[in-house]
Structure formats: structure tokens, C-alpha cells
Amino acid sequence: MSIKVRFFARLREQLGQSEMDLSATAVTTVLQVWQQSTRQPELATNILAAVNMQYVHADHAVHDGDEVAFFPPVTGG
Amino acid sequence: MSIKVRFFARLREQLGQSEMDLSATAVTTVLQVWQQSTRQPELATNILAAVNMQYVHADHAVHDGDEVAFFPPVTGG
Amino acid sequence: MQVSITSKPLMPWQELQNYQQQQTALYGQVGATTIFIGTMRDINEDVAVTQMELEHYPGMTEACLKQLVQQAVDKWHLLDVLIVHRVGLLKPNDPIVLVAVWSAHRAEAYAANRFLMEELKARAPLWKKETLSNQQTRWVEQNTPGHHDAD
Amino acid sequence: MQVSITSKPLMPWQELQNYQQQQTALYGQVGATTIFIGTMRDINEDVAVTQMELEHYPGMTEACLKQLVQQAVDKWHLLDVLIVHRVGLLKPNDPIVLVAVWSAHRAEAYAANRFLMEELKARAPLWKKETLSNQQTRWVEQNTPGHHDAD
């Protein structure tokens, strides 16, 4: 299955990329998407995650075609 | 001494006058100004009073040249 | 800081634009602006209202509003305050009052704006006389007091 | 109800005037309008800031703001809501965000406006990167949370 991964703001700069396409062979979670896309084992608690533009927790299931985004605390307004 | 008395809004309409000049011979209070100017013994608790454009209580002393105003609860805004 | 009473139609956006153009000394300091605009509704206490006459006590109304602004300035860190209140004959949809507060921070701008509106309604000598759809008139009896009303 | 993200300069008074002209269906119903405008300051955490880049997540930012508006509409009786947020390059004194709430009653207009601003700051995917006077840049780490902050 194919998953689109996006990074924003400071995280985007630190990782040196804003998006990537990930191929996974089985059912996966947000945490696994993070590990595969960044090669970092831990998802820091201050990194927020969204699947298809909705906030989710790290154990949220990810399906074929989903867009998964990771970003630091928001600072708008 | 000479005191200017002013009435506003519903009170002005009920009394049929917006202002009058009152002559008093001695030290007087807001309540006495009310009694002399309206010929009503009681100053209802929902009638507000001001001396020289500052809110005061009924026992506030009134001096020569003061402007005393009476009006109903305010309803601006 | 400015308070004013006007018998001319109140145009909030124009008023704000004009006022803000004088605020060059505040350049870069303002983080939060809060604005309240009170507008005449065509219904009050379940009765249709066709027009409204707003009476005030010239001199005392302005003095009272200035005192309220001073209280707000003493209580919060504010950069500027503007209050404009209509008097005279109003029709439904006409703006009645404009309260604008400029501050570095939003918590203070929100709190001061709410304070000014509640105090204005409780203390400023202004009175509304409504004309109903049957041509009868009535004085509005009393503003609902305090912070917990919903008027 | 409208939310929008814009990379063009935000002109609050013009935005409000244009938006309100479409509100003919609300004629006579609005009693209270509350507006919040957030503006870029030239100092943050005691350091001079010369410009700011606002990044967002196209699609999610708008969806998030729409959800917040829906929550506000579910919670209070509101007649209309407008939110406009700037992205891109900003200079001090530039408006960042505009939140406007129209209601019959002021308590609801004040409460909903405050709620929307707090939730926007806590949840909307937007990020600020500041350029300091020494040309260094820094990401703003975190908005102060909740109703008790003073930012």
C-alpha cells in the first residue's frame, strides 16, 4: 500500500524534506509510519500527527492512500 | 442659593419638564432638592441622582451653583 | 484614548480606520485588538421595534465614559481605547455603540473590552425609547445587569 | 460562516465591510458583533523581530478552522462567523488573524470569539518563524495555552 507522508515547519527543516511517498506491505500505524519515514524509533510527545488532515494519536491505524502528517506544536493566531 | 435641577428620559416626560432653577435658603441635600423640585416626598430607589455630573446618594450635600440631575435606570449600549 | 457621543450615523469600520491612522506611535506594539459593536435589533422582549430614540446627559455621559476608560487603563495594560456611542433617532440594524481596545496581549484586550461594555451599560447616562410597530412608544426599563446576562 | 487563509495583506476593516454587505438576511437580528484582530509585534520574548514567515498545512488548516466554527455554533446561538488568517511573509504591525462573531446577544458574541481564538491558537496547523534583528531566524516554540495566558 501507498502512504503520503508530510512534514511541516521546524520538523520539515530538521528532516530536510517536506513530503515523501511510503510503501508499506501490511497494516500499519502512525508510529510505524513515523519510524519508516524518519528512521527515528521514538515519536516525541510534542510532535503532533494527523491522518487525512485530522489529529490522531500514534497508535492510529493507517490505510492505503492515507495522508499522514507530522508537525511541531502549532503557533498561529 | 441657586441650584439647577435636571430630569431625563421617562422622568422628564412624567414630570413634564427637563430642567428648572431652584432657590434654597439653607444647606440642602439631594433628597431635599428632589422634594422641592418635584413636590414628591419620596425619592424612589430606582431613581438615580447626580451632582455636577457625578453619581451621588440621596443624602449628598448640595451647594450653591450645583447642578443636580435625576433620572431612571440607564439603558445605553 | 477617545470617547465620543454622536448623533450622526455610526460607521464602525470607517471610524476604526480613521482612528487607527493616528496610532503611528503604537507601531509594532499592538498584538491584540478587540472590538465590540452593539447594533439595534428589530425586536425587543418579543415585540417588533421600528425605531429607537437614544437620549443622553450631555457632559455627564462623556465624563462617565472617560472615567470607565481610566478604570480600565488602571486595571490592565492597554495601549489605546476608543468608545463611540450614538444618540438620536436610530433604525433597526444601525450601530449603537463601538468599543475598541488595543493591547500587546489578547487576554487584557478581551477582558478590558468586556469590562467597558458592562460598565457602560450599567453606568453611562443613556436612555432608549422604542417605537413599536403599532406606533406606541415605551422606555426601555433597565439593562440586564452584570456579566451573566445575555443581552 | 466563512474561514479563509490568505497570503495577501489582511485589511480587517475592508474585509469586515465586504463580508457584512452579504449579510442582508441578518437585517435587524444582530445585536452584538465581537471582533478580534491579532497583529504582529516588533518584539517577542524580549527580542526585536523584523519579520515573520507564517507556514500552514493547506487543506487541514481550513478544515480545522471550519470544525472550530462548527463547535462554536453548536455551543452558542450565533448568527455568523468570519475567520481570516494570514500566511506568508509578515512585517511588524501587519494583521495576522481576524475573528468576527455576530450574535443577537453580547454574552454569546464575547464568549464565542474568545473560544475561537483560544482554539485556533491551540489547534490550527500554523507555524511562525521569526527573523530577528541580527538576521537569525527562530521557530516560535509554542503558543501559551488556554484562557489564562496573556499572549
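Remark: side-chain polar atoms of Asp94(C) are paired, donor with acceptor, to backbone N or O of Lys91(C) under 3.5 angstrom. A distance-only check finds no donor-acceptor pair linking the side chain of Arg41(D) to the backbone of Pro92(D) [under 3.5 Å]. Checking side-chain atoms of Asn113(D) against main-chain N and O of Val99(D) turns up a donor-acceptor pair under 3.5 Å. With Arg138(D) contributing its side chain and Glu141(D) its backbone, the two residues share no donor-acceptor pair below 3.5 Å. Using a distance-only test at 3.5 Å, with no hydrogens or angles considered, no donor-acceptor pair links the side chain of Gln2(D) to the main chain of Leu82(D). With hydrogens and angles ignored, the 3.5 Å screen pairs no side-chain donor or acceptor of Asn93(C) with any backbone N or O of Tyr27(D).
For an aromatic pair to be called close, the ring centres must be under 6.0 Å apart, and Trp102(C) with Tyr19(C) satisfies this.
Between chain D and the options Val30(C), Thr34(C), Leu26(C), heavy-atom pairs under 4.5 Å are most frequent for Val30(C). Each of Pro12(C), Ala109(C), Ser103(C), Gly31(C) has some count of heavy-atom pairs under 4.5 Å with chain D, and the biggest count is that of Gly31(C).
Using a 4.5 Å cut-off between heavy atoms, Gln17(D) contacts chain C through both its backbone and its side chain. Contact annotation for Gln14(D): neither backbone nor side-chain heavy atoms come within less than 4.5 Å of a heavy atom of chain C.
The side chain to side chain contact (heavy atoms under 4.5 Å, CB included) test with Phe36(C) singles out one residue from Val97(C), Val101(C), Leu98(C), Leu116(C), and that residue is Val97(C).
Using a 4.5 Å heavy-atom cut-off against chain C, no residue of residues 46-66 of chain D qualifies as contacting.
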